[in-house]
Amino acid sequence: MSLKPVYINLFKIQLPLSALLSISHRVTGILIFFIVLPVSAYILNILLDSPASFISFIDAYNTSIFLRTFVLFNILIFQYHVIAGIRHMLMDFHLISESLYASNTSAKIAIIIFFVIALLTILGLIWN
């Protein structure tokens, strides 16, 4: 009896929303570990180096749309990861059932919560 490899086309599989949320949670975790944390540590080092470096960074932040957008995306990635992580923890503690219906419903709720918080974050950054 020989086992042949099975070719699975991942683009044809209809994953449920809960699976997409789980995959994206892992992707944001990788992004946070490899991009957000090192860049945030570097920015914090610049901010805490001296009062002059703090002022120069704030000036660069206020004039550079790239830097502002980068900081916003880092905040949004972190928020999404935390919200999806809370959902996963609630499922791990069996506070949310692991049925497909409950999983998809909690995924929809997590996405709605993320969009509300993201909208408030964006509006807060625009008004400042």
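All figures in this text were calculated on a predicted structure; none of them were measured in a lab.
Looking at every heavy atom in both residues, N104 comes nearest to P16 through OD1-CB, 3.7 Å. A pairwise comparison of heavy atoms in L21 and S24 identifies O-OG, 2.9 Å as the closest pair.
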List the atom pairs, with distances to 0.1 Å, where a side-chain N or O of residues 92-101 and a protein N or O form a donor-acceptor pair under 3.5 Å, not counting sequence neighbours.
| unit_1 | atom_1 | unit_2 | atom_2 | d |
| --- | --- | --- | --- | --- |
| S97 | OG | S99 | N | 3.2 |
| S99 | OG | A102 | N | 3.3 |

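Applying the ring-ring contact (aromatic ring centres under 6.0 Å, His included) definition to pairs two or more places apart or across chains, none involves residues 38-62.
Counting heavy atoms from C-beta outward, L125 and V71 have side chains that stay 4.5 Å or more apart. Residues F115 and I83 form no side-chain contact, since every pair of their non-hydrogen atoms from C-beta on lies 4.5 Å or further apart. Between F70 and N74 the shortest side-chain heavy-atom distance falls below 4.5 Å. In this structure, L17 and I111 have side chains that are in contact, with non-hydrogen atoms separated by less than 4.5 Å.
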Verdict with reasoning, I35 to I77, per side-chain contact (heavy atoms from CB on, under 4.5 Å): CA-CA 11 Å; I35 296 174; I77 287 170; over 6 Å; no
Full working for side-chain hydrogen bond (donor to acceptor under 3.5 Å, both in side chains) between R87 and S103: CA-CA 9 Å; R87 176 187 165 268; S103 181; 3.1 Å; yes
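Contacts of H25 classified as ring-ring contact (aromatic ring centres under 6.0 Å, His included), with partners at least two apart in sequence or in another chain: H81, H88. Residues meeting the side chain to side chain contact (heavy atoms under 4.5 Å, CB included) test with T63, sequence neighbours left out: none. Partners of L119 under the side chain to side chain contact (heavy atoms under 4.5 Å, CB included) rule, at least two apart in sequence or in another chain, are L123.
Counting Ile, Leu, Val, Met, Phe, Trp and Tyr side chains that sit under 4.5 Å apart, directly or through other members, L44 shares a hydrophobic cluster with L48.
Criterion: ILVMFWY side-chain heavy atoms under 4.5 Å apart, direct or through other members. Under it, V6 and L15 are part of a common hydrophobic cluster. V82 and V27 fall within a single hydrophobic cluster, where Ile, Leu, Val, Met, Phe, Trp and Tyr side chains are chained together by heavy-atom contacts under 4.5 Å. Linking ILVMFWY side-chain heavy atoms closer than 4.5 Å, directly or via other members, places L37 and I46 in a single hydrophobic cluster. Y7 and L3 are assigned to two separate hydrophobic clusters, defined by single-linkage of ILVMFWY side chains at heavy-atom distances under 4.5 Å. Hydrophobic clustering, with ILVMFWY side chains joined whenever heavy atoms are under 4.5 angstrom apart, keeps L120 apart from I109.
Interatomic distance, CG of L47 versus CD1 of I58, reported as 6.0 Å (0.5 Å rounding). T121 contributes atom OG1, which lies 11.0 Å from atom CD1 of I126 (distance to the nearest 0.5 angstrom). I86 CD1 to I113 CD1: the interatomic distance, rounded to the nearest 0.5 Å, is 8.5 Å. If you take CE on M91 and OG on S18, they are separated by 6.5 Å, rounding to the nearest 0.5 Å.
F114 CZ: more than 12 foreign heavy atoms inside a 6.0 Å radius. In this structure, R68 places its CZ atom where more than 12 heavy-atom neighbours from other residues, nucleotides or ligands lie under 6.0 Å away.
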